[in-house]
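Presented below is the structure to which this report refers.
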Amino acid sequence: MAASRKQATGSVDEATAEEEPRVLEPGAAPFGNFPHYSRFHPPEQRLRLLPPELLRRLFPQSPETRPILGLDVGCNSGDLSVALYKHFLSLHDGETCSDASRELHLLCCDIDPVLVERAEKECPFPDGLTFITLDFMNQKTRKVLLSSFLSQFGRSVFDIGFCMSITMWIHLNHGDQGLWEFLAHLSSLCRYLLVEPQPWKCYRAAARRLRKLGLHDFDHFRSLAIRGDMANQIVQILTQDHGMEFVCCFGNTSWDRSLLLFRAKQTTETHPIPESLIEEGKERNRLRFWRQMGGLEDQGRY
Ligand SMILES: C[S@@+](CC[C@H](N)C(=O)[O-])C[C@H]1O[C@@H](n2cnc3c(N)ncnc32)[C@H](O)[C@@H]1O
């Protein structure tokens, strides 16, 4: 089958992967809710760009601030969520760690209940990851479910939000305003944000896929004014409109998606970054900071 053949060669073309029609019923993934997404975009491709000590360095722990709280929006069937959890806690396959859920807890949400059910069933760290069905664009449900999770920890914001390969689906289904609001909500909810935007060629591929299936275009595709260099567009929205600052780009995956880290300029629960590690706004020092953290690659594009 095409999917497994592509996986075996490891040379997945991003644009065709996300439009992969053979593993789906026609039109069955209008939100990017592909049932085997990690076959096309394996978690390892992203993890190799992220230093395992990232969270420990961003959030030097004191007992009152434990655990680090993460929000994974659009978690699909949880493969990347689990991989991130293991990566940041340096856990290996089959290894369990009794302290893990005291160090890091991830709330992972997806609009598709079938994917969430599978994620829950297959999660090897049920104490450390919570999966919920949530349409993140539904303001009422979002507020109730996220507040209820945060209040269990006596917190009002997440330490970090993961927003991996979801921006295009929000954009196509909710338009420019929807993307802008999505990023606004995330930036008000998270002290740090790691975003992996889909490039514009993926939008064209997603629209082409619908046409091939004889379905209507996405409602908003033709009218989107936010287009072109999507990574740059998202940097602009987050930094100019939503009070975040761009920290760094960790590099690009082999399917040409960049991993961008942002930090809220102000949140209610901000822990200052140690002066020795970073001096705000100074590119030279920012680069040094990330190099200290493990030879990170800043593309210098933004
Ligand atoms: C392309 S997949 C990415 C999965 C995973 N984040 C990764 O990068 O491997 C996008 C996911 O976002 C979910 N999604 C799309 N719109 C959503 C929404 N409004 N609320 C929550 N999840 C959504 C889809 O169901 C899908 O599982």
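Values reported hereafter were calculated over all heavy atoms of this structure, with side chains retained and with hydrogens, waters and symmetry mates removed. In listed order, ligands and their atoms are each counted from 1. Starting from 1, each residue takes its place in the sequence as its number.
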For Glu181, all residues meeting salt bridge (charged side-chain N to carboxylate O under 4.0 Å, His left out), sequence neighbours excluded:
none

Answer yes if the ring centres of Phe136 and Phe182 are under 6.0 angstrom apart, and no otherwise.
yes

Any non-hydrogen atom of Met168 lying under 4.0 Å from ligand 1?
no

With respect to Met164, determine whether any N or O atom, backbone or side chain, lies less than 3.5 Å from an N or O atom of ligand 1.
yes

Quiz question: by atom type and distance under 3.5 Å, do the side chains of Trp180 and Asp241 form a donor-acceptor pair?
yes

What I want to check is whether the side chains of Gln233 and Asp229 have a donor and an acceptor closer together than 3.5 Å.
no

Could you list the atoms of ligand 1 found under 4.0 angstrom from a heavy atom of Trp169?
1 (C)

Under 4.0 Å from any heavy atom of Asp110, which atoms of ligand 1 are there?
11 (C), 12 (O), 13 (C), 21 (C), 22 (N), 24 (C), 25 (O), 26 (C), 27 (O)

For Asp219, the side-chain hydrogen bond (donor to acceptor under 3.5 Å, both in side chains) test, sequence neighbours excluded, returns none

Quick one: pull up CG in Leu193 and CZ in Phe262 and give me the separation to the nearest 0.5 Å.
7.0 Å

So is Ile170 polar-close to ligand 1, meaning N/O to N/O under 3.5 Å?
no

Close-contact set for ligand 1 against Leu134 heavy atoms, below 4.0 Å
20 (N), 21 (C)

Is it the case that the ring center of Tyr37 lies less than 6.0 angstrom away from the ring center of His41?
yes

Taking distance alone, with no angle check, do His174 and ligand 1 share an N/O pair under 3.5 Å?
no

Using a 3.5 Å cut-off on N or O atoms only, is Asp135 in polar contact with ligand 1?
yes

Mark up the atoms of ligand 1 that fall under 4.0 Å of a heavy atom belonging to Leu80, in ascending order.
7 (C), 8 (O), 9 (O)

Quick check, are the ring centers of Phe218 and His171 under 6.0 angstrom apart?
no

Any donor-acceptor pair under 3.5 Å linking the side chain of Asn76 with the backbone of Gly78?
no

Option nearest atom 10 (C) of ligand 1 (shortest heavy-atom distance, choices Ser38, Ser165, Pro42):
Ser165

Using a strict cut-off of 4.0 Å, indicate which atoms of ligand 1 neighbour a heavy atom of Arg46.
7 (C), 8 (O), 9 (O)

Any nitrogen or oxygen of Phe136, side chain or backbone, less than 3.5 Å from one on ligand 1?
yes

At less than 4.0 angstrom from any non-hydrogen atom of Asn76, what atoms of ligand 1 do you find?
4 (C), 26 (C), 27 (O)

Given that the side chain starts at C-beta and the backbone is N, CA, C, O, which of these parts of Tyr37 lies under 4.0 Å from ligand 1, counting heavy atoms, or is it both or neither?
side chain

